[in-house]
Amino acid sequence: MKTVSIIVPCYNEEEVLPEFYKRSVDAAAALQNDGAGWEHEWIYVNDCSSDRTGNVLAALAANDPRVKVINLARNRGHQIAVTAGLDFAHGDAVVIIDADLQDPPEVIARMLSLIDEGFDIVHAQRTQRPGETVFKLWTAKLFYTMLRRIGDVKVVENAGDFRCVSKPVAETMRAFREPHRFLRGMFTHLGYEQCILQYDRDVRHAGESKYPFVKMAKLAADAVFSMSSAPIRAILWAAGITWGLGFVYLIYSIVTFFTVGINEPGWTSAVFLLTVYTGLILMSIAVIGQYIGRVFEQGQDRPLYWVSKTHNIKSDQFELSIPEVELARRTVVDDQEATTSSSMAEPKVFLAERPADGWATGLAASR
Ligand code: UDP
Ligand code: MG
């Protein structure tokens with residue numbers, strides 16, 4: 001029997017998780033009755049939520065050994081939460097899906113049939129995006145147009161992170177450890193046999209989007225600066241154009257000197273040139289700074305994430321020797337312990353210990 005590992009990044013998703021679990025279990029059962037030959041396991045990555053997500057997941061794990069849970073000790077963002085899931089996924093296929101039911105779990109069956117046909121990466125492309133704000137749709141369109149123009153970053157338009165990949169792809173992806181991650185671009189970059197599966201996206205089942213504008217803008221910057229050197233090429237172009245303009249202006253000045261003589265004070269043009277060149281120089285430093293910042297962070301070589309607690313993950317599953325997994329070895333909870341600690345009807349939430357500055361609000365609550 002083949003196994004599919006379903007990675008579910010969760011940040012403050014207590015309201016949607018029970019329904020997500022129910023619907024994906026039903027979808028898995030339907031697939032098994034079909035005789036398609038796929039067993040399911042879920043890898044829920046709790047991205048240091050500050051609500052009761054950790055408790056909900058612990059309770060699910062206590063009742064269903066197929067539910068594996070990784071609690072991150074600090075909020076690291078969606079892309080790294082998915083990366084953590086990938087490190088612990090051992091299935092013959094791996095699915096990445098959001099917890100909020102915008103991506104219907106029923107689509108997974110169609111993805112797996114494409115994997116059975118021999119494809120390695122199945123991108124799920126949204127044909128409809130109901131419930132999104134006009135602003136989000138508009139900025140997304142602008143973003144994809146920009147990526148298309150740059151040309152270096154190949155992505156499937158209108159495909160988010162809902163994706164199914166074969167085991168070789170998941171294993172290859174684990175070797176890519178850059179801290180600034182744009183997973184949809186990275187997967188497309190890997191090659192292999194890729195295909196697109198279209199589906200209708202639903203509205204969020206409950207709760208609010210955990211991707212505010214700032215996080216979206218950060219992801220967009222990662223897409224460009226981590227996947228492409230186009231901005232540096234753009235500086236070259238801008239420098240070339242301003243040099244060209246400066247040269248034309250020099251010829252104009254020489255010609256007017258010999259024809260009409262110096263009859264303009266030159267203040268405006270001097271200020272104009274000064275501003276244009278200073279602007280260009282500052283912009284160039286900022287663009288190069290983006291790359292240097294990334295080199296600095298990569299040079300620090302810190303682990304991408306660190307785990308505070310796991311459920312239903314056995315130590316013999318730790319075959320990788322990357323710092324993240326080495327660190328997680330400390331925190332593996334014996335299955336027995338997981339069952340006893342999480343089968344409490346109403347687990348305690350120690351919110352009182354929350355630090356005043358609130359930077360790690362999730363820490364106390366997710367235990
Ligand atoms: N998410 C996460 N860490 C974060 C933000 C979001 O793990 O810091 C998860 C979130 O729980 C959800 C998925 O990433 O499962 C996508 O987030 P969301 O649905 O809020 O984004 P949107 O669909 O609005 O772009
Ligand atoms: Mg969503």
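Counting starts at 1 for both ligands and their atoms, following the listed order. These numbers were taken from a predicted model, which means no experiment stands behind them.
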What part of [X] sits under 4.0 Å from ligand 1 if we count only heavy atoms: the side chain, the backbone, both or neither?
X: N75; result: side chain
X: D47; result: side chain
X: S209; result: both

Practice prompt. May I ask you to check whether E208 has an N/O atom sitting below 3.5 Å from an N/O atom of ligand 1?
Written response: no
Worksheet item: Atoms of ligand 1 less than 4.0 Å from P9 heavy atoms?
Response: 7 (O), 9 (C), 10 (C), 11 (O), 12 (C), 15 (O)
Item to complete: List every atom of ligand 1 that sits less than 4.0 Å from any heavy atom of C10, numbering the atoms from 1 in the order shown and giving each element.
Response: 7 (O), 11 (O)
Out of [options], whose heavy atom sits nearest [atom]?
atom: atom 22 (P) of ligand 1; options: K210, K136, M216; value: K136
atom: atom 19 (O) of ligand 1; options: L219, D100, D161, L72; value: D100
atom: atom 18 (P) of ligand 1; options: R76, H78, R204, R201; value: R204

Worksheet entry | Residue D100, metal the Mg ion (ligand 2), N/O/S under 2.8 Å | yes
Practice prompt. Examine all N, O or S atoms of Q102, backbone included, and report whether one is under 2.8 Å from the Mg ion (ligand 2).
Written response: yes
Decide if the gap between the ring center of [X] and the ring center of [Y] is smaller than 6.0 angstrom.
X: H205; Y: F20; answer: no
X: Y44; Y: Y21; answer: no
X: F135; Y: F213; answer: yes

Discussion item. For atom 8 (O) of ligand 1, what's the nearest protein heavy-atom neighbour? Residue, atom name and distance, please.
Written reply: K215 NZ, 2.7 Å
Discussion item. Working note: I96 + F162, criterion side-chain contact (heavy atoms from CB on, under 4.5 Å); need CA distance, chi angles, decisive distance, verdict.
Written reply: CA-CA 5 Å; I96 300 162; F162 188 21; over 6 Å; no
Discussion item. Taking the side chain as everything from C-beta on, heavy atoms only, tell me whether Q79 gets closer than 4.5 Å to D161.
Written reply: yes
